[in-house]
Amino acid sequence: MAMGSPFCSDSWPLLPGLGGLEVAFVPRRVLNLLTLSRQRPACTAPVVPSCWDPALQTPPLQQPHQEQVFLAFLVIVIPSFLTKEVFIPQDGKKVTWYCCGPTVYDASHMGHARSYISFDILRRVLKDYFKFDVFYCMNITDIDDKIIRRARQNHLFQQYREKRPEAAQLLEDVRAALTPFLVKLNETTDADKKQMLERIQHAVQLATEPLEKAVQSRLTGEEVTSHVEALLEEAKDLLSDWLDSTLGRDVTDNSIFSELPKFWEGEFHRDMEALNVLPPDVLTRVSEYVPEIVDFVQKIVDNGYGYVSNGSVYFDTVKFASSEKHSYGKLVPEAVGDQKALQEGEGDLSISADRLSEKRSPNDFALWKASKPGEPSWPCPWGKGRPGWHIECSAMAGTLLGASMDIHGGGFDLRFPHHDNELAQSEAYFENDCWVRYFLHTGHLTIAGCKMSKSLKNFITIKDALKKHSARQLRLAFLMHSWKDTLDYSSNTMESALQYEKFLNEFFLNVKDILRAPVDVTGQFEKWGEEEAELNKNFYDKKTEIHKALCDNVDTRTVMEEMRALVSQCNLYMAAQKAVRRRPSRALLENIALYLTHMLKIFGAIEEESSLGFPVGGPGTSLSLESTVMPYLQVLSEFREGVRKIAREQKVPEVLQLSDALRDDILPELGVRFEDHEGLPTVVKLVDRNTLLKEREEKRRVEEEKRKKKEEAARRKQEQEAAKLAKMKIPPSEMFLSETDKYSKFDENGLPTHDMEGKELSRGQAKKLKKLFEAQEKLHKEYLQMAQNGSLQ
């Protein structure tokens with residue numbers, strides 16, 4: 001959406017020191033505005049609206065400036081304005097950033113990976129490329145309606161299972177649980193959810209039937225026990241809902257509500273570490289900030305924007321929106337009043353009729369919820385209760401980052417009501433209109449074009465994804481797509497990432513091989529020809545394009561394309577040098593490879609241990625492994641090459657076969673690849689063992705296909721020759737006699753004279769048959785000649 005390039009216009013002056021940046025390019029007509037903005041209070045955004053979303057389709061209600069602003073140093077896209085805005089932190093190069101973390105009640109999935117890998121890439125780029133001092137804060141939601149319900153369900157079902165219900169009792173309980181379940185099924189309108197419930201019903205029915213038959217047959221022992229266990233497993237969700245609805249209010253032990261989120265938080269952190277996502281600088285848990293949340297809510301009430309109702313506290317959206325200095329629904333104003341979204345934000349345990357009746361307006365939302373029986377609670381001025389969902393981020397971020405932060409991040413689906421409500425309550429607390437200066441929302445993730453859903457059986461956890469692909473491959477897939485757009489996680493997407501990884505890795509391995517070639521001190525500096533000068537020019541051109549792309553809303557997709565193009569140019573250069581038996585420029589290729597390695601490190605696609613290219617082996621082993629084994633492999637390669645030369649000269653094929661077996665069968669098992677090139681030294685590469693084994697299997701598969709095709713061609717040729725020989729055996733006088741379905745009379749030579757109906761053949765037909773007869777006569781003579789010569793097999 002940029003209207004022009006800031007890198008190639010004389011009308012764009014250099015503005016040093018902008019917002020703590022070293023250099024930036026800005027249109028002249030914006031200079032005065034930016035200059036004025038630097039004199040404003042720290043919490044007021046200079047050019048941009050007080051709050052916005054990069055994916056926003058509707059402009060915020062208040063827009064201080066609508067003039068189009070071209071690319072400066074780092075920008076945030078605002079599609080509704082068709083402009084790009086200069087990213088200017090409040091305090092020089094320090095960037096304060098709050099990211100909404102997970103609600104920890106289940107395994108982390110690829111939707112989480114979409115957000116947290118994307119934010120990790122953005123954070124690394126700001127920190128390691130643009131050299132901002134980023135303070136990154138993330139929360140863990142460990143108090144929530146979903147957690148409360150799931151914790152109670154798990155606890156009650158575990159208790160039920162430990163009681164070892166008799167078969168008859170289990171069947172009775174399943175029937176009782178089916179009654180409310182079927183009501184829920186009939187009332188469900190969401191197609192995906194309905195499909196999931198129907199599948200549960202079908203599975204329970206299938207597991208119930210054998211147990212019913214066993215009870216009717218009065219069976220005992222292990223057979224009945226196995227049927228009981230099978231039904232318990234299939235009916236777990238159904239029974240858990242039923243147990244919670246009947247016994248959930250009796251759960252009073254608060255530790256039950258802390259054990260579940262503690263377990264899943266640990267799993268989340270392990271998943272993030274496995275994905276090479278940097279940990280936050282500070283992590284906040286809702287359960288640890290309850291006193292701060294209570295104080296935050298109290299001040300909102302004191303400021304006149306909250307009210308107490310039946311032990312709960314609600315935010316007064318009407319009062320807030322009517323204030324001259326505030327507006328409600330800045331991010332997604334068209335969603336204000338969307339009751340479905342608002343109720344999802346309130347939580348399943350907080351949308352009963354009595355709870356909804358406590359509100360002055362349907363658009364009001366809970367700051368603090370009075371706890372009902374079976375829910376955790378904390379003391380507060382309004383009676384025992386627990387925090388609402390939206391308030392947690394405001395209180396925790398406000399405590400750590402103050403009245404205004406630079407960046408707030410979250411998934412696209414958090415824009416409304418979560419982030420809009422965060423904005424409202426925070427600005428009500430601080431009495432300002434700029435709690436967040438830049439909102440970053442990552443795009444959705446789909447699975448092979450469909451929404452990820454358990455009902456569609458395409459729910460993929462991070463652990464499942466890592467069983468199929470490495471963390472680097474997942475990250476490369478994300479880098480090849482815009483962080484703000486929908487990403488489709490599919491076989492095609494991952495295949496593209498795998499091919500990209502292989503493409504880069506082969507380049508790095510080739511450069512390493514060139515750098516290992518022995519040269520004296522002066523020999524490493526060769527005279528450059530036109531080819532080197534051209535490649536070096538392309539190198540600097542690509543670096544410029546990559547810089548522009550990163551300045552342009554951190555456009556990693558374009559960056560990856562430019563890096564691919566640069567590697568392609570290097571490959572062409574190396575191939576051209578090899579063709580004329582010239583040594584490529586070590587220094588030039590090393591500089592390019594180091595630059596690409598540096599960029600991939602910034603993106604988190606290469607761990608710190610690797611100095612050039614992708615690491616070999618596990619974490620922490622790359623440098624020691626390569627530096628230790630490569631000298632020995634080089635000696636082995638040279639020895640093997642010498643042996644092969646002697647074997648060729650002395651014509652000893654057995655030695656050549658052993659040499660090939662070393663290359664093709666033995667070394668790949670050790671993660672070593674030898675590449676033989678006619679007239680050139682063998683290239684030695686350390687490659688991931690599994691990659692080499694896959695390559696070997698693919699090579700064998702291709703060779704097997706070639707062998708089968710060759711055999712099939714030989715078989716067809718043999719069949720054709722056999723058919724031709726069989727045809728040649730037939731004397732011309734007999735060739736038509738068997739065709740009684742066509743002809744009824746023949747002459748003395750065996751040529752047909754009448755058709756099947758007794759009609760004499762026309763002259764044209766007779767002439768055609770005569771030609772066939774003469775051709776067969778020639779073939780038969782050839783056959784007799786071959787027989788006489790003894791050449792038939």
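Index from 1, following the sequence.
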Any side-chain donor-acceptor pair under 3.5 Å between [X] and [Y]?
{"X": "T103", "Y": "D144", "result": "no"}
{"X": "Q153", "Y": "D237", "result": "no"}
{"X": "K369", "Y": "S350", "result": "yes"}
{"X": "E427", "Y": "N432", "result": "no"}

Shortest non-hydrogen contact between [X] and [Y], atoms and distance:
{"X": "L238", "Y": "V174", "result": "CD2-O, 3.9 Å"}
{"X": "T96", "Y": "S404", "result": "OG1-O, 4.4 Å"}
{"X": "F119", "Y": "G410", "result": "CZ-N, 3.1 Å"}
{"X": "L487", "Y": "A477", "result": "CD1-O, 4.0 Å"}
{"X": "A465", "Y": "Y489", "result": "CB-OH, 3.7 Å"}
{"X": "Y307", "Y": "S361", "result": "OH-N, 4.2 Å"}

Can you tell me how far the [atom1] atom of [X] sits from the [atom2] atom of [Y], to the nearest 0.5 Å?
{"X": "L440", "Y": "K484", "atom1": "CG", "atom2": "NZ", "result": "12.0 Å"}
{"X": "D302", "Y": "D295", "atom1": "CG", "atom2": "CG", "result": "10.0 Å"}
{"X": "E209", "Y": "E212", "atom1": "CD", "atom2": "CD", "result": "7.0 Å"}

I'd like to know whether T461 forms a side-chain hydrogen bond (donor to acceptor under 3.5 Å, both in side chains) with D464, so could you lay out the CA-CA distance, the side-chain angles of the two residues, the decisive distance to 0.1 Å, and finally the verdict. CA-CA 5 Å; T461 66; D464 289 338; 3.0 Å; yes
In terms of side-chain geometry, is the basic nitrogen of [X] or [Y] positioned less than 4.0 Å from the acidic oxygen of its partner?
{"X": "D433", "Y": "K325", "answer": "no"}
{"X": "R249", "Y": "E375", "answer": "no"}
{"X": "D244", "Y": "R150", "answer": "no"}
{"X": "K194", "Y": "E187", "answer": "no"}
{"X": "R360", "Y": "D316", "answer": "yes"}
{"X": "E288", "Y": "R285", "answer": "yes"}
{"X": "D192", "Y": "K451", "answer": "yes"}

What orientation do [X] and [Y] show, parallel under 30°, tilted 30 to 60°, or perpendicular over 60°?
{"X": "Y305", "Y": "H326", "result": "perpendicular"}
{"X": "Y136", "Y": "W97", "result": "perpendicular"}
{"X": "F439", "Y": "H408", "result": "parallel"}
{"X": "F430", "Y": "F296", "result": "perpendicular"}

Using side chain to side chain donor-acceptor pair (under 3.5 Å) as the criterion, list what pairs up with E229, not counting sequence neighbours.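 If we apply the side chain to side chain donor-acceptor pair (under 3.5 Å) test to E229, skipping adjacent residues, the hits are R161.
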Non-hydrogen side-chain atoms of Y98 and N139 separated by less than 4.5 Å: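 Yes, close enough: below the 4.5 Å cut-off.
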Contact between H269 and E265 at the side-chain level, heavy atoms closer than 4.5 Å - yes or no?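 Yes - at least one pair of side-chain heavy atoms lies under 4.5 Å apart.
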Step through it carefully: locate the ring centre of H441, locate the ring centre of H419, and say whether they are under 6.0 Å apart.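 Centroid separation for H441 and H419: below 6.0 Å.
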Check whether the ring centres of Y314 and F365 lie less than 6.0 Å apart, and answer yes or no.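 Ring centroids of Y314 and F365 are no less than 6.0 Å from each other.
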For the pair K236 and D241, evaluate salt bridge (charged side-chain N to carboxylate O under 4.0 Å, His left out) and give the outcome as yes or no after the intermediate values. CA-CA 9 Å; K236 179 180 178 180; D241 275 345; over 6 Å; no
